[in-house]
Amino acid sequence: MLLEDLKNEISQGLQDAAERAKGDGKLFFEELPPFTLEKPREKTHGDLATNIALVLARPAKAAPRKISEIILEYFPAEKKRVTRCEVAGPGFINLFLDPSWVYDVLPEVEEQGDRYGCSSFGQGEKVQVEFVSANPTGLLHMGNARGAALGDTLANVMDAAGYEVTREFYINDAGRQIENFGYSLEARYLQLLGEDVDLPENGYPGEDLIDSMRGLISQVGDKYLHVDSKLRREILVKSALQEKLEQMEEDLANFRVHYDVWFSEQTLHDTGAIEGVLKELQKRNDLYEKEGALWFCSTRYGDEKDEVLVRSNGIPTYFAADIAYHKNKFLRGFDRVINIWGADHHGHILRLKGALEALDYDPDRLQVIIMQLVRLFRGGEPVRMSKRSGEYVTLRELLEDVGTDAARYFFVDRSADSHLDFDLDLARQQSSENPVYYVQYAHARICSILRQAGEIPQSREIDCSVLCDPSERALLEGIAELPGEICYAAANQEPHRLTHYVYDLANLFHGFYTTCHVLNAEPGLREARLVLVNACGIALRNTLKIIGVSAPERM
RNA sequence: GUCCCAGUAGCUCAGUUGGAUAGAGCAACAGACUUCUAAUCUGUAGGUCGGGGGUUCGAAUCCCUCCUGGGACGCCA
């Protein structure tokens with residue numbers, strides 16, 4: 001039986017015990033408050049501990065220790081593989097399991113193989129994760145990279161936890177920035193053809209646009225030199241946009257990020273979707289005209305001020321398109337949509353949720369994960385990143401520097417809401433200071449053992465209870481925690497839990513490796529250890545896969 | 001001025017929704033390789049959880065207040 005199932009069973013048993021005590025008039029409470037059942041930090045506090053009596057103390061108006069004793073009278077410990085219960089500290093119940101419980105994980109891992117860790121926890125809820133969605137007018141920068149690592153890992157872990165996940169990239173291929181893009185491209189095109197023109201004031205100064213136009217000229221030469229400017233810009237934009245998107249897709253693929261859907265903003269304009277939501281909001285009297293523009297009453301839905309949806313020049317704002325976009329997401333049948341946004345977008349959350357509410361969608365179905373900014377350090381100095389100057393480190397450069405494995409691990413390793421200081425020098429060193437190598441090394445060691453062992457026995461054919469060294473038991477427990485970790489990370493949208501888990505697991509393995517010899521162990525023990533090592537390899541590999549880090553067989 | 005995020009060991013950060021004696025890595029110091037890969041392991045040291053109040057059996061975690069750093073407040077996207 002999996003640890004998760006065992007925990008659920010015990011948890012249910014405790015709940016039943018409390019209810020029956022209530023039925024017999026020994027405990028009083030309206031409703032059982034939520035309680036925890038988890039592995040305590042201290043080994044001496046048992047294999048599992050619960051605070052059920054502590055949370056009941058107030059509603060039951062009784063001393064926690066007394067409540068614990070009453071609950072234990074009704075708790076059928078022996079049926080739940082619990083060998084001993086004790087009331088401890090302020091009223092915790094500590095449970096000691098039959099030591100054999102840890103061996104159950106081995107046949108589970110063998111059976112499930114690369115599916116070990118997966119579960120049906122999410123019950124097939126249809127979830128969309130939208131991330132990166134970078135402007136296609138430039139190259140991917142560090143903020144995009146962090147978003148890519150976080151979004152993809154979140155999608156992976158939710159997928160493993162039994163959600164039905166769609167990964168989506170929203171292409172900002174409409175609006176004023178595309179106009180700017182056109183003017184910038186035109187300037188570069190003309191400059192390369194020897195014309196004396198300046199880059200427009202708000203243009204994109206990046207070198208990459210020059211490259212794009214150089215490439216175009218090598219194909220078509222000065223074909224568009226004397227074409228009408230508006231038409232020329234359209235042609236240049238179309239060509240460069242296509243190229244930019246292909247580059248992004250390629251860079252993201254090198255970062256092991258793949259999308260199910262690339263969604264074009266322009267289609268929202270073309271299909272009348274934006275007009276549609278405007279009419280709908282109009283009907284609900286959530287719009288008004290002021291100074292020639294059309295405004296949305298976001299203040300009615302908790303925002304600080306109202307927002308413009310259609311400018312006085314008749315062009316809808318980005319926000320208007322975003323409302324239509326999110327309505328479109330729900331029309332496509334997603335139960336929940338998760339957006340990964342940079343910290344500079346946090347102000348948009350309230351108004352977008354407000355707009356969804358105005359359209360009769362439950363705003364809680366939209367979840368926005370705000371990630372704080374990335375600061376790069378080189379030589380101890382922060383590297384300035386600004387699109388304005390066109391000077392910033394790109395994802396491509398980062399991958400050339402430190403590689404996909406280290407980059408993905410580093411980005412996921414920190415929780416989204418803390419600022420990330422990325423030390424390029426340190427990451428480039430690829431030394432033992434880098435935790436990703438520590439984890440990968442554990443996997444390589446495992447592969448090395450298994451290679452030399454030849455045949456790997458099946459746990460059912462042997463007696464695994466000979467694995468009783470503390471380091472062996474700790475490793476078994478670590479392996480058993482994977483399914484629970486995946487559920488936790490998915491339910492709370494905390495992908496960084498996984499790097500911490502996989503590091504801890506590697507740590508347990510290295511400890512075991514030093515204490516327990518595998519290949520030279522006596523017959524019986526040798527086979528059991530091979531089974532253990534194999535299972536650990538699977539758990540490491542599966543977790544690394546979710547994070548998007550490779551699991552090398554040799555290092 | 002208003003709002004969001006952060007402040008935990010010298011540095012970079014965790015801390016399982018309020019639980020038992022606050023944890024890792026790096027850096028420092030002291031040890032362990034004729035070994036299944038030493039990219040490893042063991043040990044030592046390191047703390048007023050930004051400050052101050054409050055809530056209760058119990059607070060790094062929740063509330064109030066102040067301080068510091070970053071970000072957002074456009075008919076930009």
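Note on naming: letters A, B, ... go to the chains in the order of the sequence lines (proteins, then strands), and numbering restarts at 1 for each one.
- Counting non-hydrogen atoms under 4.0 angstrom, A:Q440 reaches nothing in the nucleic acid.
- Between A:Y409 atom OH and B:G25 atom C1' there is a gap of 10 Å when expressed in whole angstrom units.
- Note on A:F319: nothing from the nucleic acid sits closer than 4.0 angstrom, heavy atoms only.
- Among residues at least two apart or in separate chains, salt bridge (Lys or Arg N to Asp or Glu O under 4.0 Å) pairs with a member in residues 310-328 of chain A are A:E280-A:K327.
- Comparing the same atom, C1', in B:G43 and in B:G71 gives a spacing of 44 Å after rounding to whole Å.
- The residue A:C516 sits close to a base: some heavy atom pair falls under 4.0 Å.
- Among the heavy atoms of the strands lying under 4.0 Å from A:L54 is at least one base atom, whether or not backbone atoms are also near.
- When the P atom of B:U35 is taken as reference, atom CG of A:N520 falls 11 Å away, rounded to whole Å.
- Figure legend: A:R84 and A:F96 shown as a cation-pi pair, the cationic atom lying under 6.0 angstrom from the six-membered ring centre and within 45 degrees of its axis.
- Of the two residues contacting RNA chain B, namely A:A343 and A:P316, the nearest-nucleotide position lying further toward the 5' end is that of A:A343.
- For the P atom pair drawn from B:G18 and B:C64, the interatomic distance equals 15 Å after rounding to whole Å.
- One can place OH of A:Y513 at 11 Å from C1' of B:C41, the figure rounded to the nearest angstrom.
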Kindly give the atom pairs (protein nitrogen or oxygen, nucleotide nitrogen or oxygen) under 3.5 Å for nucleotides 11-18 of chain B.
unit_1 : atom_1 : unit_2 : atom_2 : d
B:U12  : O2'    : A:R414 : NH2    : 2.9
B:C13  : OP1    : A:H419 : O      : 3.1
B:C13  : O2'    : A:R414 : NH1    : 3.0
B:A14  : OP1    : A:S415 : N      : 3.1
B:A14  : OP1    : A:S415 : OG     : 3.0
B:A14  : OP1    : A:S418 : OG     : 3.2
B:G15  : OP1    : A:H496 : NE2    : 3.1
B:U16  : O4'    : A:Y488 : OH     : 3.4
B:U17  : OP2    : A:E38  : OE1    : 3.3
B:U17  : O4     : A:N492 : OD1    : 2.2

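- Under the 90° criterion around 0 for the glycosidic angle, B:U17 counts as syn.
- Across B:U35 and B:A59, the matching C1' atoms stand 49 Å from one another, rounded to whole Å.
- Taking the P atoms as reference points, B:A77 lies 42 Å from B:U61, given to the whole Å.
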Problem - Dot-bracket summary - RNA chain B, pairs being Watson-Crick or G-U whose distances fall under 3.5 Å, with | when paired to another strand - result: (((((((..((((.....[...)))).(((((.......))))).....(((((..]....))))))))))))....

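- Residue A:S312 places a side-chain atom within donor-acceptor reach of the base of B:C75, judged by atom type and a 3.5 Å distance cut-off alone.
- Remark: C1' of B:A27 and CG of A:N434 are 16 Å apart, rounded to the nearest angstrom.
- Within 4.0 Å (heavy atoms only), A:A57 reaches no atom of the nucleic acid at all.
- Between the A:N313 side chain and the A:I315 main chain, a donor and an acceptor come within less than 3.5 Å of each other.
- Within the 4.0 Å cut-off from OP1 or OP2 of B:C41, at least one side-chain nitrogen or oxygen of A:N507 is found.
- Look at the P atom in both B:C13 and B:G70: the space between them is 15 Å, to the nearest Å.
- Nearest-nucleotide positions on RNA chain B place A:T44 closer to the 5' end than the other of A:H345 and A:T44.
- Residues satisfying the salt bridge (Lys or Arg N to Asp or Glu O under 4.0 Å) criterion with A:E307, sequence neighbours excluded, are A:K305, A:R351.
- We find that CG of A:D322 is positioned 14 Å from C1' of B:C76, with the value rounded to whole Å.
- Note: CD (A:Q372) to P (B:G7) measures 11 Å, nearest angstrom.
- Of the listed nucleotides (B:A77, B:C41, B:A72), B:C41 has the atom at the smallest distance from the side chain of A:T514.
- Nucleic acid contact for A:A321: none, since no nucleic acid atom lies under 4.0 Å from a heavy atom of the residue.
- At the phosphate of B:C76, OP1 or OP2 sits under 4.0 Å from a side-chain N or O atom of A:R311.
- For A:D421, the salt bridge (Lys or Arg N to Asp or Glu O under 4.0 Å) test picks out A:R375, with sequence neighbours left out.
- Taking atom C1' in both B:U17 and B:G74, the straight-line distance is 38 Å, to the nearest Å.
- Here the nucleotide nearest the side chain of A:L373, chosen from B:C36, B:C3, B:G71, is B:G71.
- You'll find that the side chain of A:D344 is closest to B:A72, out of B:A77, B:A72, B:G19.
- Remark: A:Y438 is not in phosphate contact with B:C26, judged by side-chain N or O atoms under 4.0 Å from OP1 or OP2.
- For A:K43, the salt bridge (Lys or Arg N to Asp or Glu O under 4.0 Å) criterion is met by A:E477, not counting sequence neighbours.
- Dashed line: the shortest gap from a side-chain N or O of A:R526 to OP1 or OP2 of B:C36 is not under 4.0 Å.
- A:Y288 has its OH atom 11 Å from the P atom of B:C75, to the nearest Å.
- Contact annotation: A:R176 side-chain N/O to B:A77 OP1/OP2 distance is not under 4.0 Å.
- Between B:G25 and B:U21, the distance separating the two P atoms is 23 Å to the nearest Å.
- One donor-acceptor pair, N or O on each side, does fall under 3.5 Å between the base of B:A77 and the side chain of A:H348.
- In this structure, CG of A:L350 is placed 12 Å from P of B:C3, rounded to the nearest angstrom.
- With a 6.0 Å cutoff to the six-membered ring centre and a 45° limit on the axis angle, A:R445 does not count as a cation-pi contact of A:F509.
- Here A:A49 lies in heavy-atom contact (under 4.0 Å) with a base.
- Residue-level contact check: A:D303 touches neither bases nor backbone, having no heavy atom under 4.0 Å from any strand.
- Which of B:C36, B:U40, B:A20 sits closest to the side chain of A:S448 comes down to B:C36.
- Separating the C1' atom of B:G23 from that of B:A45 is a span of 16 Å, rounded to the nearest Å.
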